[in-house]
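Heads up, the thing below is written out as C-alpha cells.
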Amino acid sequence: MDLKLRGRTAFVSGSSQGIGYAIASALAAEGVQVTLNGRDAVRLAAAVERLRDEHPRSNPTGVVADFTKPEEVARLIESLGEIDILVNNVGLFGLAEFESVLDEEWARYFDVNVMSGVRLSRHVLGGMLHRGWGRILFISSESGVNVPADMVHYGMTKAAMIALGNGIAKLTRGTSVTVNTVLGGPTYSDGVAASIAAVAAGQSISTESMKDAIIGQNRTSLLERFIDPAEIASLVVYLASPLASATNGAAVRADGGVLTAMI
Ligand SMILES: NC(=O)c1ccc[n+]([C@@H]2O[C@H](COP(=O)([O-])OP(=O)(O)OC[C@H]3O[C@@H](n4cnc5c(N)ncnc54)[C@H](OP(=O)(O)O)[C@@H]3O)[C@@H](O)[C@H]2O)c1
C-alpha cells in the first residue's frame, strides 16, 4: 500500500532508540525525510547512521537536545525547518511509590513528557495550517487511561498528552491538518529491555523469565507478549499518512488489548 508520504518531512522526539527509532524508521521507509533526536550525541549519531543504512535514500538528520533544558529546546526549535509530521514521542517512565515522588520529579516528568509536546506543537502548528497539511502525533500510553498505582506521576503525564492531542485538534477545523494520540501498551523497547535486564540480573533470573512474569501479571493483555516497537510504528505511520484524513482528535490504541473497555 502506498501511504502517500514520499517527500514529507518529520521530526520525532526521543528517537535514537526504542519506539521513537521504530517510528523514524517506518517513516523513512515511506520516503519521509526524518530528523531524529536524543540527549546522547554518540547514540544519536549511531541511530542516524543506522537509519541511513536501512533506508539509503531517506537522508536522515539528528539534533541533540535534552527536553529538561530550556536553552537546548529553544535551539532545537530554532533549527527545525518546515515540519510536515511531528511525533511527540519522548517520554520518561519508571515505577515509583506515590508518596516518594517529590515536586522536582513531578516537574521533570511534566517537562519532558508534556511540555516537550506543547513547545514543539506550538512551533509547528502555524506552518502546517498555513501550508494546508500536517500531522501532529502524541505517543501516549494505556497508562493515561488506566493509571497504574505504582506510576501515578507517569500516568498523569500520559493523560495530559491525550488531552493535548484532543484540544489542539480543535484548532485544525476545516483544514487537512490532524492531531491524534496513540495509546501504546507494554512494548519491548530498548529502554524497557534495559530495565528488565537490570531487574532480572538483580533477582538472578533470566530475562525471558522476567518478561514472562511481567506480561503474565498483566492478565488483560490479549497479545500475551510484549509489543514490538515496530507494531506501534505501523499505527503511527498510518495516522501520519493522508489515508487517515478522517481521524482527528482521537486516541487510537496499539495496546495489545490491555485496556478492557469497549471504547
Ligand atoms: N515501552 C513501553 O512499554 C511504552 C508503552 C506505552 C507508551 N510508551 C511511550 O513511548 C515513548 C518512548 O518510550 P520507549 O520505551 O521507546 O523509550 P526508550 O527506549 O527509553 O527511548 C527513549 C528515547 O528518548 C530519548 N530521551 C530520553 N530522555 C530524553 C530527554 N530528556 N530529551 C531528549 N531525548 C530524551 C532517549 O535517548 P537519550 O537517552 O540519548 O536521550 C531515547 O532515544 C515514551 O513516551 C513512552 O511513555 C512506551
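Both backbone and side-chain heavy atoms feed into the values below; hydrogens, waters and symmetry mates do not. We're numbering straight along the sequence, starting at 1. One-based numbering, in listed order, for ligands and for the atoms of each.
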Where is the nearest protein heavy atom to [atom]: which residue, which atom, and how far?
atom                    : result
atom 12 (C) of ligand 1 : Asn89 OD1, 3.4 Å
atom 14 (P) of ligand 1 : Ser189 OG, 3.5 Å
atom 43 (O) of ligand 1 : Ser16 OG, 2.7 Å
atom 18 (P) of ligand 1 : Gln17 NE2, 3.4 Å
atom 5 (C) of ligand 1  : Gly185 O, 3.0 Å
atom 32 (N) of ligand 1 : Phe67 N, 3.0 Å
atom 25 (C) of ligand 1 : Gly14 CA, 3.6 Å

Requested in this report: Taking Asp255 for its side chain and Gly184 for its backbone only, find out whether a donor-acceptor pair lies under 3.5 Å.
Outcome: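 Absent.
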**Report entry** Heavy-atom donor-acceptor pair, Asp84 side chain to Trp133 backbone, under 3.5 Å
**Finding:**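 No; judged by distance alone, with no hydrogens or angles, the pair does not exist.
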By number and element, which atoms of ligand 1 are closer than 4.0 Å to a non-hydrogen atom of [X]?
X      : result
Asp40  : 40 (O)
Ile139 : 10 (O), 45 (O)
Val192 : 1 (N), 2 (C), 3 (O)
Gly184 : 6 (C)
Ser141 : 6 (C), 7 (C)
Ala65  : 32 (N), 33 (C)
Gly18  : 16 (O), 19 (O)
Ser140 : 6 (C), 7 (C)

Query raised in the report: Stepwise, does the side chain to side chain contact (heavy atoms under 4.5 Å, CB included) test hold for Tyr21 with Arg50?
Result: CA-CA 10 Å; Tyr21 182 83; Arg50 183 178 155 203; 3.3 Å; yes
Query - Check: Ile227 and Ile232 side chains under 4.5 Å, non-hydrogen atoms - result: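 Yes, close enough: below the 4.5 Å cut-off.
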Report task. Check whether any side-chain heavy atom of Asn89 lies under 4.5 Å from a side-chain heavy atom of Asn37, and answer yes or no. Result ->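 No, too far: nothing below the 4.5 Å cut-off.
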Measure [X] to ligand 1 on non-hydrogen atoms and call it side chain, backbone, both or neither using the 4.0 Å cut-off.
X      : answer
Phe93  : side chain
Tyr154 : side chain
Arg39  : both
Pro186 : backbone
Ser13  : neither
Ser15  : backbone
Ile227 : neither
Glu142 : neither

Can you give me the closest heavy-atom contact between [X] and [Y], atom names plus distance?
X      : Y      : answer
Glu142 : Pro186 : OE2-CD, 4.2 Å
Ala251 : Ile162 : CB-CG2, 4.1 Å
Arg6   : Gly31  : NH1-CA, 3.6 Å
Gly20  : Val12  : O-CG1, 3.7 Å
Ile83  : Leu86  : CG2-N, 4.1 Å

Below 3.5 angstrom, do we get any N/O pair linking [X] and ligand 1?
X      : result
Asp66  : yes
Gly191 : yes
Gly20  : no

Requested in this report: Decide if atom CD of Glu54 counts as having more than 12 heavy atoms of other residues, nucleotides or ligands within a radius under 6.0 Å.
Outcome: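 Atom CD in Glu54 is crowded, with more than 12 foreign heavy atoms closer than 6.0 Å.
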Requested in this report: Counting heavy atoms only, name the option from Val90, Asn88, Val182 that's nearest to atom 35 (C) of ligand 1.
Outcome: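 Closest candidate by heavy-atom distance is Val90.
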Query raised in the report: Given Ile19, Thr68, Thr187, which one has a non-hydrogen atom that is nearest to atom 48 (C) of ligand 1?
Result: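 Looking at heavy atoms only, the winner is Ile19.
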Query raised in the report: For Asn248 and Thr178, does a side-chain donor sit closer than 3.5 Å to a side-chain acceptor?
Result: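 Side-chain D/A pair, Asn248 to Thr178: absent.
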Query raised in the report: Going hydrophobic residue to hydrophobic residue with side-chain gaps under 4.5 angstrom, can you get from Tyr154 over to Val145?
Result: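 Looking at the clustering, Val145 is in a separate group from Tyr154.
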Report task. Apply side chain to side chain contact (heavy atoms under 4.5 Å, CB included) to Asn88 and Ile136, showing your working. Result -> CA-CA 8 Å; Asn88 292 306; Ile136 299 178; 3.7 Å; yes
Requested in this report: Using a strict 4.0 Å threshold on nitrogen-to-oxygen distance, state whether Glu72 and Arg75 make a salt bridge.
Outcome: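 Looking at Arg75 together with Glu72, the answer is no, because their closest N to O distance does not fall below 4.0 Å.
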Query raised in the report: Would you call Arg119 and Asp111 a salt bridge, taking side-chain N to carboxylate O under 4.0 Å as the test?
Result: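 Looking at Asp111 together with Arg119, the answer is yes, because their closest N to O distance falls below 4.0 Å.
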